[in-house]
Structure formats: structure tokens, C-alpha cells
Amino acid sequence: LLSHNRPKGVSYSILVPKALKELGIKIPAEKDAIFACARVLIEEILTNLDNMQDRLSVLTELCIDADYRRDIYDFYLLH
């Protein structure tokens with residue numbers, strides 16, 4: 001819908017926040033978003049150990065991208 005109705009010259013960086021606001025979806029702070037992503041990945045590891053290596057890889061990348069945040073750094077060390 002966004003791409004179909006996007007006026008020429010208007011970027012997604014303007015449209016997406018407006019659309020989320022209209023839907024009542026709050027954009028989390030970066031710190032909260034990183035923690036939420038890490039939590040989902042950890043829950044996936046706990047519910048299916050077959051996912052462990054893949055999820056640890058993603059957690060490692062998340063840790064690196066988040067400048068080695070201390071609250072997820074231990075998962076970086078596990079990989």
C-alpha cells in the first residue's frame with residue numbers, strides 16, 4: 001500500500017513513521033528494539049535447540065552492530 005500510494009518524491013523514511021503512527025504502533029527506542037530482538041532470538045534458542053547455532057550467529061551480528069552492548073555480549077562470546 002505504501003509504495004502504491006506514495007507521492008512522487010516522498011521517501012519511505014517519512015511515510016513509514018506516519019503510517020505506523022496512524023496504526024497506533026509505537027516505534028521503540030533503539031535500545032529497546034535491540035533488546036526485544038535479542039529476547040526473541042534467545043526464546044527461539046530455548047524452544048528449539050536445533051536453531052541455536054543460527055540464532056547465536058544472528059545475536060553475534062546484533063551485538064557487533066550495537067557496539068558490543070553489555071547486555072547481549074555474553075551471546076557474542078558463545079559464538
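Numbers for residues simply follow the sequence, beginning at 1. Remember, it's a predicted structure, so these values are computed and weren't measured experimentally.
Going from atom CG of D74 over to atom CG of L59 covers 11.0 Å, rounded to the nearest 0.5 Å.
The residue from I45, N51, I42 that alone fulfils the side-chain contact (heavy atoms from CB on, under 4.5 Å) condition with L56 is I45. When each of V58, I34, I72, L77 is tested with C63 by the rule side-chain contact (heavy atoms from CB on, under 4.5 Å), just one qualifies, namely I72.
With sequence neighbours left out, D32 forms a salt bridge (charged side-chain N to carboxylate O under 4.0 Å, His left out) with no residue at all. Remark: F75 pairs with no residue by the ring-ring contact (aromatic ring centres under 6.0 Å, His included) rule, at least two apart or across chains. Annotation: ring-ring contact (aromatic ring centres under 6.0 Å, His included) contacts of F35 (sequence neighbours excluded): none. Scanning for salt bridge (charged side-chain N to carboxylate O under 4.0 Å, His left out) contacts around E61 gives an empty result, with sequence neighbours left out.
Looking at R69, its side chain never comes within 3.5 Å of a backbone N or O of L62 through a donor-acceptor pair.
Sorted by first then second residue, the salt bridge (Lys or Arg N to Asp or Glu O under 4.0 Å) pairs that include residues 40-58, not counting sequence neighbours, are R39-E43, E44-R55.
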Taking only distance into account, with no hydrogens and no angle test, what donor-acceptor pairs under 3.5 Å do side-chain atoms of residues 14-23 form with protein atoms, sequence neighbours excluded?
none

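Connection of Y68 to L78 is not established within any shared hydrophobic cluster, with ILVMFWY side chains joined at heavy-atom distances below 4.5 Å, either directly or through further cluster members. Linking Ile, Leu, Val, Met, Phe, Trp and Tyr whenever their side-chain heavy atoms come within less than 4.5 Å puts I64 and Y73 in one cluster.
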